[in-house]
Number of protein chains: 2
Amino acid sequence: MHKQDVTIYDVAREAKVSMATVSRVVNGNSNVRKSTRDRVQSVIKRLHYQPNSVAQGLASKRTTTVGLIIPDMTNMFFAELAQGINDIATIYRYSIILSSVSNELMKEEDTVQSLLNKQVDGMIYMSDRLSPAVHEVFDRTSTPVVLASTLDSDGDLQSVAIDYRKAMKQAIELLYQDGKRDLAFVISDYNATINVARRIPVFENFIKEHQLGVPRIYRDVLTYDQGEKVFAQLQQEHVDGVIVSSDLAAAGIINAAKSAGVKIPEDFEVIAAGSTKISDLVRPKLTCVRSPLYDIGAVAMRMLTKLMGDEELTHRKVKLPFSFVKQETTLNR
Amino acid sequence: MHKQDVTIYDVAREAKVSMATVSRVVNGNSNVRKSTRDRVQSVIKRLHYQPNSVAQGLASKRTTTVGLIIPDMTNMFFAELAQGINDIATIYRYSIILSSVSNELMKEEDTVQSLLNKQVDGMIYMSDRLSPAVHEVFDRTSTPVVLASTLDSDGDLQSVAIDYRKAMKQAIELLYQDGKRDLAFVISDYNATINVARRIPVFENFIKEHQLGVPRIYRDVLTYDQGEKVFAQLQQEHVDGVIVSSDLAAAGIINAAKSAGVKIPEDFEVIAAGSTKISDLVRPKLTCVRSPLYDIGAVAMRMLTKLMGDEELTHRKVKLPFSFVKQETTLNR
DNA sequence: GGCAACCATGCAAACGTTTTCAAAGATCGT
DNA sequence: ACGATCTTTGAAAACGTTTGCATGGTTGCC
């Protein structure tokens with residue numbers, strides 16, 4: 001059996017109508033007499049006709065396809081977001097073209113451009129860092145884009161996220177209230193927009209305001225192993241409270257701390273910001289900032305459907321509430 | 001700026017050649033004089049021409065797109081597989097259309113059919129269970145399909161996996177050698193092909209051969225919470241050695257065991273089969289069967305590229321070696 | 001019964017490429 | 001300088017839909 005055995009033309013011939021009418025039936029156009037519709041539909045069923053989406057895309061200039069740019073799908077943070085996006089996309093009958101840009105095989109802007117060439121109706125972009133080159137492509141195109149859990153410092157793109165400043169503030173205040181004074185911030189990517197524009201300023205301000213010395217920031221700590229390793233440094237510097245952007249790294253840190261015989265949370269507090277399940281399955285359970293990742297994805301995709309359908313958007317920037325979960329790596333009161 | 005501002009026709013006009021020649025240049029056809037090629041290429045650059053993939057797809061009947069059917073991308077097991085697939089796909093310049101079928105919004109066979117309508121050049125399918133309805137669609141189409149870490153009991157589809165029987169056997173033998181006699185098997189989906197056709201028979205046979213009573217199988221244990229919960233039952237039944245198909249569930253079980261004051265591995269041994277990072281970040285670290293997930297994905301995708309390129313396949317069924325990692329939830333010797 | 005208004009249908013031109021075939025140009029040996 | 005051969009090009013027909021426009025058929029109203 002060949003790839004395309006039966007076309008709209010075959011259906012038209014068998015049903016003794018024109019292609020136009022078959023097309024109308026397929027697309028649920030109401031301007032077809034009931035009897036005709038029934039006849040066409042029965043032929044469609046009999047011949048197992050399936051419309052060729054590529055031809056539809058070319059003729060209609062709509063592909064019912066959206067592009068998804070994701071840094072790393074093995075990162076649960078992004079996987080969770082993607083799931084929310086996927087579910088809403090499915091509801092609205094959009095397919096997802098996935099571009100994981102973790103590998104360095106292709107430049108990100110080329111990946112985005114390739115999505116555009118595929119004539120996607122819209123795109124959802126997630127990343128720690130929105131590069132100028134990518135931003136430029138977004139500016140050039142008329143295809144709608146929504147950022148999911150991604151910060152746009154230039155500020156003209158639609159986005160869905162949480163209030164990162166507030167989350168950071170809440171975290172550091174808790175450490176301070178718990179009496180910790182030698183605080184550190186452990187991040188994966190120093191240049192991530194979210195860090196540069198939000199978290200680091202809040203952290204540094206707090207340190208300065210409370211005269212806690214020089215702000216200690218540890219970079220490039222993303223994986224479990226990197227977390228384990230950085231603990232030695234933290235200990236050397238007598239850090240007693242730390243905020244960690246990656247859950248995996250936080251897990252590494254607490255496991256290393258336990259091995260070193262350090263008492264958590266009495267002598268060492270940890271707050272994670274990764275928002276993944278990991279915070280609940282390590283012991284002690286991680287106190288953490290938890291973004292509603294699934295919802296962020298879902299809302300972003302819903303926004304995109306509106307943009308693609310020329311509906312009006314009430315808000316360009318949506319901020320969803322996050323929760324701050326106090327668990328076992330901070331003192332409870 | 002509009003979606004498609006410049007077409008192949010514009011380039012042809014500006015470069016004073018025919019569309020055919022531009023097409024040749026774009027596709028790297030060597031039958032173009034150098035001077036012509038250069039002229040066309042400079043026009044392409046000047047006009048920022050980008051070929052419309054949809055039109056290319058329609059005309060050439062190749063979309064350079066593959067479909068990926070995945071049960072749940074928030075499951076690290078599948079995410080890891082997908083990453084391997086993605087990387088190889090990128091190398092060969094294929095785009096991925098993602099279909100996460102976790103939600104019940106769409107029947108799986110319809111999802112697959114929709115991928116086919118999109119004219120994907122090939123598909124990679126992963127699942128715990130390959131339903132007859134889906135299998136039928138695969139049989140009907142000429143589009144190549146490769147199964148990744150998925151068992152086809154009918155046995156006619158190409159696939160990449162590990163030797164599940166051997167893995168199961170190794171696991172249960174270890175428990176037995178460690179002196180455990182009250183063994184249990186904890187699985188997420190009782191009807192998963194991999195369980196029905198491979199693991200359960202091996203488990204039941206072993207129990208029978210060694211006269212260990214009635215085989216204890218606990219079903220529907222996939223999540224962390226379900227793992228925590230099932231531990232109570234395991235304890236009640238005095239189980240002292242358990243094989244768990246899901247890492248997340250295994251984590252729940254050991255955490256519950258620790259809370260209950262049960263000594264691992266002295267009084268209770270656990271072997272996980274999920275092959276994810278989770279086994280290393282819980283304490284005690286999980287002894288586990290580790291599938292080379294990334295490689296399975298990569299090999300599957302490589303096989304698919306061969307099938308799509310009409311290359312000959314040396315093996316229809318590929319079995320990759322797995323590793324059996326003894327860690328802290330079994331006695332070490 | 002006549003006219004307006006509307007419905008249902010068909011025709012044919014898009015949509016932006018690839019690809020086949022034939023023709024035109026270049027190269028070369030003699 | 002002449003075919004023969006090979007390379008480079010262009011014309012036009014696909015590919016399988018959608019859609020604007022025209023047309024013929026119905027219905028409704030007075």
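Worth saying up front: this structure is predicted, and the values here are computed from it rather than measured. Letters A, B, ... mirror the listed sequences (proteins, then strands); counts begin at 1.
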Could you tell me whether the phosphate oxygens of [N], OP1 or OP2, come under 4.0 Å of any side-chain nitrogen or oxygen in [X]?
X     : N      : result
A/T36 : C/dT9  : yes
A/S23 : D/dT18 : yes
B/Y9  : D/dG10 : no
B/S18 : D/dG10 : yes
B/T21 : D/dG10 : yes
A/N27 : D/dT18 : yes
B/N31 : D/dT9  : no
B/K61 : C/dT17 : no

Going by distance alone, is a donor N or O of one side chain under 3.5 Å from an acceptor N or O of the other, for [X] and [Y]?
X      : Y      : value
B/Q83  : A/S102 : yes
B/K118 : A/S95  : yes
A/H135 : A/D152 : yes

**Study point:** Selection from D/dG16, D/dG10, C/dG16 that lies nearest to any side-chain heavy atom of B/T7
**Key:**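 Looking only at heavy atoms from C-beta outward on B/T7, the closest nucleotide is C/dG16.
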
Review point. Out of C/dA12, C/dT17, D/dT17, which nucleotide sits closest to the side chain of A/A20?
Key: C/dA12

[atom1] of [X] versus [atom2] of [N]: gap in Å, rounded?
X      : N      : atom1 : atom2 : result
A/N29  : C/dG10 : CG    : C1'   : 14 Å
A/I8   : C/dT9  : CD1   : C1'   : 14 Å
B/L58  : C/dT18 : CG    : P     : 11 Å
B/Q50  : C/dT17 : CD    : P     : 10 Å
A/M19  : D/dC15 : CE    : C1'   : 11 Å
B/Q119 : D/dG16 : CD    : P     : 8 Å
B/K118 : D/dT17 : NZ    : P     : 14 Å
A/N52  : D/dA14 : CG    : P     : 17 Å

Students often get this wrong, so: under 4.0 angstrom with heavy atoms, is [X] touching a base, only sugar-phosphate, or nothing?
X     : result
B/K16 : sugar-phosphate
B/V54 : nothing
B/V26 : nothing

Review point. Taking the nucleotide of DNA chain D with the closest heavy atom to each, which residue, B/V32 or A/Q56, is nearer the 5' end?
Key: B/V32

**Study point:** DNA chain D: 5'-proximal contact among B/S30 and B/A59 (nearest heavy atom)
**Key:**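 Its nearest nucleotide being more 5', the pick is B/S30.
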
Practice item. Check whether the side chain of B/R33 and the base of C/dG25 form a donor-acceptor pair under 3.5 Å. Key: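 Side chain to base: no pair below 3.5 Å.
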
Check your understanding: So does A/K317 have more than 12 non-hydrogen atoms from other groups sitting under 6.0 Å from NZ?
Key -> yes

Review point. Does a sphere of radius 6.0 Å around CZ in A/R93 hold more than 12 heavy atoms from other residues, nucleotides or ligands, not counting ones at 6.0 Å or beyond?
Key: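 Not buried by this count: 12 neighbours or fewer within 6.0 Å.
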
Point to revise | Smallest separation among heavy atoms of A/F77 and A/S149, with atom names | key: CZ-OG, 3.5 Å

